[in-house]
Structures are given as structure tokens and as C-alpha cells.
Amino acid sequence: MRTSRFLLSTLRETPADAEVISHQLMLRAGMIRKLAAGLYTWLPLGLRVLRKVENIVREEMDRSGAQEVLMPAIQPAELWQESKRWEQYGPELLRITDRHQREFCFGPTHEEIITDLIRREIRSYKQLPANFYQIQTKFRDEIRPRFGVMRAREFLMKDAYSFHLTEESLQETYQVMYETYQRIFSRLGLTFRPVVADSGNIGGNRSHEFHVLADSGEDAIAYSTESDYAANVEMVELPAPSEERLKPTTPSLAMVNTPDQHTIEEVAKFLRVSPQQCLKTLIVIGENDSLVALVLRGDHSLNVIKAAKHPKVASPLTFASAEQIRAVIGCDIGSIGPISLNIPVLVDYAATQVTDFVCGANKEGQHLVGVNWGRDLPEPHKVDLRNAETGDPSPDGKGTLVVTRGIEVGHIFQLGDKYSHAMQTAVLDEQGRSVTLTMGCYGIGVSRVVAAAIEQNHDEQGIIFPTAITPFEVAILPMNMHKSIRLQEVVENLYQQFQAAGVDVLLDDRKERPGVMFADIELIGIPHRLVLGERGLDEGQIEYKGRQDKDTQLLALDQVVNIIIGKINSEK
RNA sequence: CGGGGUAUAGCUCAGCCUGGUAGAGCGCAGCUUUCGGGAAGCUGAAGUCGGAGGUUCAAAUCCUCUUACCCCGACCA
């Protein structure tokens with residue numbers, strides 16, 4: 001491709017409404033343009049990337065034995081009514097009415113459609129197991145679309161649905177998909193981790209999310225240093241303490257004045273103790289609008305999901321208002337402590353292990369120091385309440401946890417018979433008995449993968465594309481080509497050699513200044529760059545620089561095509 | 001949906017408080033010089049100031065309504 005005939009719509013300035021780096025760079029590089037909230041046009045440059053991701057996903061799905069189909073984006077309401085999701089789904093489901101006043105929706109997912117297809121087409125157990133996938137545009141009317149293509153309303157997704165006679169068969173296919181996903185994200189050149197996920201109310205046994213690791217990720221995930229254990233931080237169960245609590249060293253507790261010291265940081269600094277030595281007490285709404293106190297070590301954070309699962313705590317978790325706290329406890333947030341509280345007190349495991357601790361005195365501007373469980377207040381009601389942190393022991397007993405951030409790009413889970421039961425999808429088994437099918441479901445956010453790849457791979461200059469998904473593999477930048485016929489010939493010849501070899505080559509034949517060319521090629525993240533000028537031609541050398549290299553190097557003109565092809569192949 | 005904010009040239013924004021001829025930088029078109037890291041000069045095209053209504057001799061500016069978009073909260077590929 002020649003830049004003179006390619007819409008290279010790069011922007012020097014960052015558009016104002018782009019918040020995360022991948023969104024900014026995708027706009028600046030001219031990959032996407034916004035049409036409306038959560039709706040994006042893919043420009044030629046971006047589409048090349050999207051297609052490469054799509055093709056890798058397709059190749060690996062095909063290799064796994066799945067069969068590709070393409071279902072309509074618009075779906076009739078009847079099927080959704082049959083699964084009861086027409087009522088269950090909220091405003092996220094975009095509902096539309098046709099000229100005959102028939103109701104439809106724009107599909108956010110396709111369980112109903114594929115299940116309907118399978119119940120019509122699959123006649124015998126001999127046709128099972130079967131796995132069908134599609135790569136298709138979905139629409140979810142998100143409350144708040146943001147981060148560009150990362151959380152768009154319309155997005156490209158690969159969704160697959162498998163059908164089984166037995167639970168064992170589902171487990172087998174699930175495992176195949178798990179491995180296929182590993183292959184896909186490895187081939188894409190991404191650093192990722194499969195993590196144990198919340199199967200939620202879907203009822204399946206196992207569920208894994210695949211996360212691309214990136215500091216800007218929306219999810220916190222924890223993985224073990226020693227084993228392959230990895231889970232969403234929300235999901236990590238922490239063990240009850242095994243050791244005995246240390247003995248108190250203070251003769252008794254004491255009350256101290258802590259004027260205007262409210263947060264743990266303030267109190268700890270004021271009293272010259274570590275936050276680990278302090279306990280924080282959070283007041284949330286419990287059952288029947290009562291209040292419940294949750295106690296955590298000062299340096300720990302509350303896990304909202306765990307707390308809400310406790311029977312004494314209202315779900316979803318709601319913090320008590322300042323007025324409610326004042327009415328029941330008689331002081332303000334910032335001076336609350338577990339002693340003499342007239343409401344239930346749930347204490348996180350870690351907080352039960354602290355001796356001689358600092359906590360609020362339930363009196364404005366006062367804290368207690370040297371407090372001990374058992375001596376100064378009753379033995380605590382111990383529960384798991386906090387988020388796992390780096391350094392915590394891994395739940396599988398092997399190694400410790402590291403917490404990092406990730407972007408969810410894939411999710412595999414076992415659906416069971418939710419849809420097949422509701423939609424009466426069954427076949428006869430070997431004994432002639434009717435068996436309701438068991439289903440699995442496997443998604444990859446194809447368009448989100450593009451954003452995640454950029455989120456993970458960029459620098460000050462712009463995008464650094466993994467070779468597998470780069471829009472162009474090599475860029476040829478001629479310096480002042482219009483002035484030298486000799487240079488034109490060499491460049492043209494090189495360009496054609498790359499094309500003949502099947503390399504995605506971009507020739508920058510614009511009459512631009514060198515700085516503009518360099519900046520654009522770096523911004524759009526081309527992995528390999530060749531610079532040709534009059535001065536190198538006499539020596540038969542041209543200048544090469546990898547996108548991440550610090551320095552340039554000279555390559556012999558007659559070998560450059562083979563060298564570059566070698567680099568590309570080793571990277572894919 | 002609740003809270004906050006923005007809307008002026010293709011992009012980034014100033015002008016609004018204190019009403020009086022529509023602005024800058026970048027980009028775009030042309031010419032000249034320059035030519036291996038986002039060049040310089042000159043010339044030019046480009047805006048019914050988101051929309052509607054109101055106040056006023058006069059509205060980008062003040063008031064009311066409205067639409068779109070963005071940010072903060074509950075979801076998910």
C-alpha cells in the first residue's frame with residue numbers, strides 16, 4: 001500500500017473526549033472515528049487490525065473443531081420471551097418494532113437464536129457434541145459507553161455455543177476452548193492471564209475470564225507466584241487465620257484525643273503507628289434496614305461482593321448515611337470503633353489477629369489505643385471481608401498472590417441447561433430417551449482486543465503493534481524521493497519485492513518532510529521501518545529500525561527483504 | 001437514571017463575567033524558500049457561534065426551554 005492512496009488520517013492533537021490511552025491513540029492514528037456515543041467507524045487503518053484479530057480468532061476456532069455460522073443481528077422478541085429474558089433484560093436490550101408492529105431486539109448475545117437453530121436441526125445424539133461460532137456485530141445499550149472501542153455500545157464479538165449430551169462432554173469442550181483461547185491470545189502477541197471468574201447466577205460450575213494485563217485495566221486480578229492459580233480479586237477467598245493471636249502487651253486500653261483526625265492515614269500519622277495497627281469500622285445497611293458494622297485492618301480494603309453475600313448484610317451493599325450513623329451510634333464517620341456498638345459487628349480475619357490496636361472510640365475526636373480482642377471487647381465474629389492483596393497467600397496453598405490489573409477480553413462458561421430447558425432442546429440418546437442438552441458459551445471481544453493490545457503496547461511516540469495484528473508489517477520511508485530517480489527505482493523495486501513475498505508493506509510516497517513521516521509511522525505502530533536516502537545507496541545499505549529499538553542499524557540492500565521476512569516470521 | 005460539565009472553522013481552544021464588525025494555533029488550498037525528526041514566509045478558502053424561543057436599538061455573550069456529547073456512580077466481550 002502507498003500512503004498517497006491510503007487514508008492516513010493521523011492527528012497531531014489528542015481529541016478532547018478521549019480518556020484512556022488506547023482511545024486517544026486509535027483516534028490519533030486514524031484507526032477509528034466516533035459517529036455517536038459508543039458507535040465507531042473503523043477507518044482503513046483500524047479495520048486492517050480488526051481483520052487480523054478476527055482472522056486469528058477464526059483460524060483457531062476452526063482448528064478447535066468449531067463450525068462458523070452467521071446469525072442475524074436483529075432477533076425476534078418471541079425467542080427472548082421463551083427464555084424469559086425479554087422481561088429480565090433491562091434497557092440495555094435495544095428493542096425495536098418493525099412496520100407490522102412486531103417486536104425485535106438488536107442482539108446483545110445469541111443464546112436464544114442458536115438454541116432455536118439447534119433444536120430444529122440436531123436430531124440425534126450422533127451429531128453431538130457440536131460447537132458453533134460467529135464473528136458478528138453486537139449491540140448493548142450500555143448506560144455509559146466510554147474508553148472508545150473498549151466499552152462501545154456496538155462492538156465486534158466472537159461468540160460460540162456448544163451443545164452436549166452429557167456433563168463430561170461439556171467439560172471436554174470447555175477444556176478445548178480454554179486451550180484454544182490460550183492459543184488465540186498467545187498468537188495475538190498479548191500478555192494475558194486466564195482467571196477464575198464468578199459464574200454468577202448462570203449456575204455453571206466453572207467459568208474463566210481471559211484478561212489482557214494492562215495498568216489501565218478495569219478489573220483487578222490476582223495470580224499466584226508459584227502455581228497457575230489466578231482469579232478476579234473479587235473472587236479470591238482468603239483463609240481464616242491459622243496462628244494464635246499474639247498476647248496483649250498493654251496493661252489496658254486508653255482513650256486519646258484525636259481532634260480532626262478521621263481517615264486511617266490521618267489517625268495513624270497522628271498517633272505515630274502504622275495503618276496495620278489501626279482497625280477501621282464501616283457501617284453498612286443490614287437486613288431490614290438495620291445497620292451492621294464491618295471491621296477491617298486499616299491497610300485493607302473492603303470486598304463489596306463478599307460483604308454483600310453475608311446474610312446479615314443487605315445486597316447490594318449500601319453504606320449507611322452520616323445521619324443514620326449519628327442516629328444509631330451517636331458519632332460521625334471517622335471516630336467509629338467496634339467497642340460497645342449496639343449493632344452486629346463482623347470482623348475480617350486479618351483484623352481479628354491484631355493486638356494492641358487503635359480504633360475509633362465512638363466519640364467525636366477520640367480514639368482508643370492498646371485495645372485487645374477478648375480483653376476489652378468480646379471475641380470477634382470472624383468473616384472474610386477484604387480484597388486480596390499482593391503478598392497474600394494463594395488460596396491453593398502454593399506461593400503468594402500478586403495483584404495486577406487486566407482488561408477482560410474473553411470469557412468462557414458453562415451454561416448448563418438454562419436455555420435448552422426453557423426452549424425444549426433435546427435429542428434421543430442411545431437408549432431412545434429424550435435428553436435435554438447441556439450448553440457451553442465462549443466469547444471474545446474482538447474489537448476490544450484491538451484496544452487492549454494498544455493499551456498494553458504503546459510509548460510516547462504512539463502504538464507499538466504486535467506483529468500478528470499490525471496494519472502493516474514494514475514501512476518504507478524514502479527521503480526526498482521526488483528528487484532522485486535512482487532512489488525512486490530502488491524504492492519501487494524494494495516495495496515490489498516485499499509485495500511479491502506477501503509482506504504487508506507500506507510505502508510512504510507522500511511528498512512530506514522526514515519528520516512527518518517518522519512521526520506518523522511511529523504513531524501508527526509499524527514494527528519495522530526502512531529509511532532510504534541517496535546517501536546510503538552508494539554503499540548499497542539502507543537504514544533499519546525496529547519500532548522498539550533504540551538505535552538504527554544498516555542492512556545490505558540485497559539482503560534486506562529476507563532479513564525483514566525472517567524477523568516478521570519469528571515474531572508471529 | 002441521579003450529580004457535575006461542555007457545545008464557537010476539519011482538530012485543539014480563546015472570546016461570554018462587563019451585550020456593540022467572528023478570533024488564534026494546528027490542519028486544508030496556492031506560491032516561494034527549505035529538505036534525514038512534526039520547517040519558514042506570503043496569499044487564500046473555511047463558522048446561520050448545537051437548536052428554538054425570549055429580553056434588548058443591538059445577543060456567541062443575558063434569560064427560558066431543548067438536543068447532543070463528556071466526566072463521576074450500578075454492568076460486561
Side-chain angles (χ1 to χ4, degrees), chain A residues 9-20 23-24 27-28 30 33-39 53 57 89-93 108-110 135-160 181 185 197-198 200 202 207 209-212 217-219 232 304-305 308 315-319 406-413 441-452 461-462 477-484 487 508 510-523 529 531-536 542-543 545 552:
Chain A
S9 273
T10 54
L11 303 173
R12 202 195 292 207
E13 286 173 280
T14 303
D17 56 2
E19 210 186 340
V20 295
H23 188 196
Q24 293 172 3
L27 289 168
R28 286 226 289 136
R33 288 291 181 263
K34 186 172 79 172
L35 177 64
L39 303 178
V53 175
V57 170
Y89 243 82
E92 194 181 307
L93 185 65
T109 177
H110 279 68
I135 297 173
Q136 189 232 25
T137 298
K138 300 276 189 278
F139 189 93
R140 293 182 190 173
D141 201 353
E142 295 270 353
I143 298 166
R144 192 143 102 77
R146 57 185 146 170
F147 305 150
V149 126
M150 188 105 87
R151 182 182 289 276
R153 292 194 293 173
E154 189 177 298
F155 59 100
L156 192 66
M157 178 172 171
K158 186 283 299 177
D159 48 329
Y181 273 39
F185 294 115
D198 188 1
I202 298 167
S207 171
E209 292 169 353
F210 286 75
H211 284 261
V212 167
E218 291 188 87
D219 294 292
N232 199 307
V304 175
I305 310 245
S315 180
L317 190 87
T318 313
F319 283 95
I407 300 163
E408 186 189 350
V409 290
H411 197 167
I412 58 178
F413 51 94
C441 166
Y442 321 91
I444 291 179
V446 176
S447 44
R448 180 182 277 184
V449 163
V450 176
Q461 268 56 252
L477 307 197
M479 300 290 104
N480 302 309
M481 182 166 66
H482 57 283
K483 275 192 181 169
S484 164
L487 184 58
D508 198 346
R510 294 175 297 177
K511 201 177 166 185
E512 277 292 353
R513 300 173 62 81
V516 174
M517 290 182 175
F518 291 144
D520 275 348
I521 296 303
E522 279 161 2
L523 174 61
R529 184 187 81 186
V531 177
L532 285 79
E534 269 281 337
R535 62 165 87 143
I542 61 179
E543 180 188 297
K545 184 172 176 295
T552 59

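Reminder, nothing fancy here: chain letters follow the sequence lines and each chain counts from 1.
- For the pair M479(A) CE and U34(B) C1', the computed distance is 15 Å after rounding to whole Å.
- Atom P of G23(B) sits at a distance of 16 Å from the matching atom of U43(B), rounded to the whole Å.
- Following rounding to the nearest Å, E209(A) (CD) and C76(B) (P) show an atom-to-atom distance of 10 Å.
- Side-chain N/O atoms of R513(A) include one lying less than 4.0 angstrom from OP1 or OP2 on A39(B).
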Kindly list each side-chain donor-acceptor pair under 3.5 angstrom involving residues 9-20 of chain A, sequence neighbours excluded, with atom names and distances?
| unit_1 | atom_1 | unit_2 | atom_2 | d |
| --- | --- | --- | --- | --- |
| T10(A) | OG1 | D520(A) | OD1 | 2.9 |
| D17(A) | OD2 | K34(A) | NZ | 3.2 |

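- Summary of the strand contacts: V409(A) and L532(A) both lie near RNA chain B, and taking for each the nucleotide with the nearest heavy atom, the more 5' one is attributed to L532(A).
- Per the geometry, CD1 belonging to I444(A) stands 19 Å off P belonging to C76(B), to the nearest Å.
- If you measure from atom CZ of F147(A) to atom P of C72(B), you get 6 Å, rounded to the nearest angstrom.
- In the set G38(B), U12(B), U34(B), the nucleotide with an atom closest to the side chain of R12(A) is G38(B).
- When each of C72(B), G37(B), C75(B) is scored by its nearest atom to the side-chain atoms of E92(A), the top-ranked nucleotide is C75(B).
- Of the listed nucleotides (C72(B), C35(B), G38(B)), C72(B) has the atom at the smallest distance from the side chain of E19(A).
- Taking every side-chain heavy atom of R151(A) into account, C76(B) is the closest of C76(B), G25(B), G37(B).
- In this entry C75(B) has no Watson-Crick or G-U wobble partner, no candidate having both defining distances under 3.5 Å.
- Using a 4.0 Å heavy-atom distance criterion, I143(A) is classed as a base contact.
- Among the atoms of the strands shown, base atoms are found under 4.0 Å from some heavy atom of K483(A).
- Checking C76(B), C70(B), C72(B) against the side-chain heavy atoms of E408(A) singles out C76(B) as nearest.
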For this session: Applying side chain to side chain contact (heavy atoms under 4.5 Å, CB included), run through V409(A) and Y181(A) and close with a yes or a no.
Result: CA-CA 10 Å; V409(A) 290; Y181(A) 273 39; over 6 Å; no
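- Rounded to whole Å, the separation between the C1' atoms of G27(B) and G4(B) comes to 33 Å.
- Evaluation of F155(A) against the base of A77(B) yields a stacking contact (centre distance < 5.5 Å, interplanar angle < 30°).
- One finds the CZ atom of R153(A) at 12.0 Å from the CD1 atom of I143(A) (value rounded to the nearest 0.5 Å).
- A donor-acceptor contact under 3.5 Å is formed by the side chain of E522(A) with the base of G37(B).
- For the pair M517(A) CE and C35(B) P, the interatomic distance rounds to 16 Å; values are reported in whole Å.
- Straight-line distance from the CZ atom of R510(A) to the C1' atom of C28(B): 15 Å, rounded to whole Å.
- Between the CD1 atom in I444(A) and the CD1 atom in I412(A) there is a gap of 9.5 Å [rounded to 0.5 Å].
- Here V516(A) lies in heavy-atom contact (under 4.0 Å) with a base.
- When distances are taken from the side chain of D520(A) to each of C35(B), C75(B), G38(B), the shortest belongs to G38(B).
- Side-chain atoms of R28(A) lie closest to G38(B) of the nucleotides G38(B), G36(B), A39(B).
- If you take atom P in C70(B) and the same atom in U12(B), they sit 13 Å apart, rounded to whole Å.
- As rounded to whole Å, 15 Å separates atom P of C35(B) from atom CD of E534(A).
- Each of P145(A) and L156(A) was assigned the nucleotide of RNA chain B with the nearest heavy atom; the assignment lying further toward the 5' end belongs to P145(A).
- Between the base of G25(B) and the side chain of E13(A) there is a donor-acceptor pair shorter than 3.5 Å.
- Taking only side-chain atoms of R448(A), from C-beta outward, the nucleotide of C76(B), G37(B), G73(B) with the closest atom is C76(B).
- Contact check on E218(A) versus R151(A) returns a salt bridge, with a Lys/Arg side-chain nitrogen under 4.0 Å from an Asp/Glu carboxylate oxygen.
- Looking at the side chain of D17(A), the nearest of the listed nucleotides C71(B), G36(B), C69(B) is C69(B).
- For C76(B), neither phosphate oxygen OP1 nor OP2 lies less than 4.0 angstrom from any side-chain nitrogen or oxygen of K138(A).
- Atom-to-atom, CD of Q24(A) to P of U12(B) comes out at 12 Å; the value is rounded to the nearest Å.
- Comparing A77(B), C72(B), U12(B) by their nearest atom to the side chain of F413(A) picks out A77(B).
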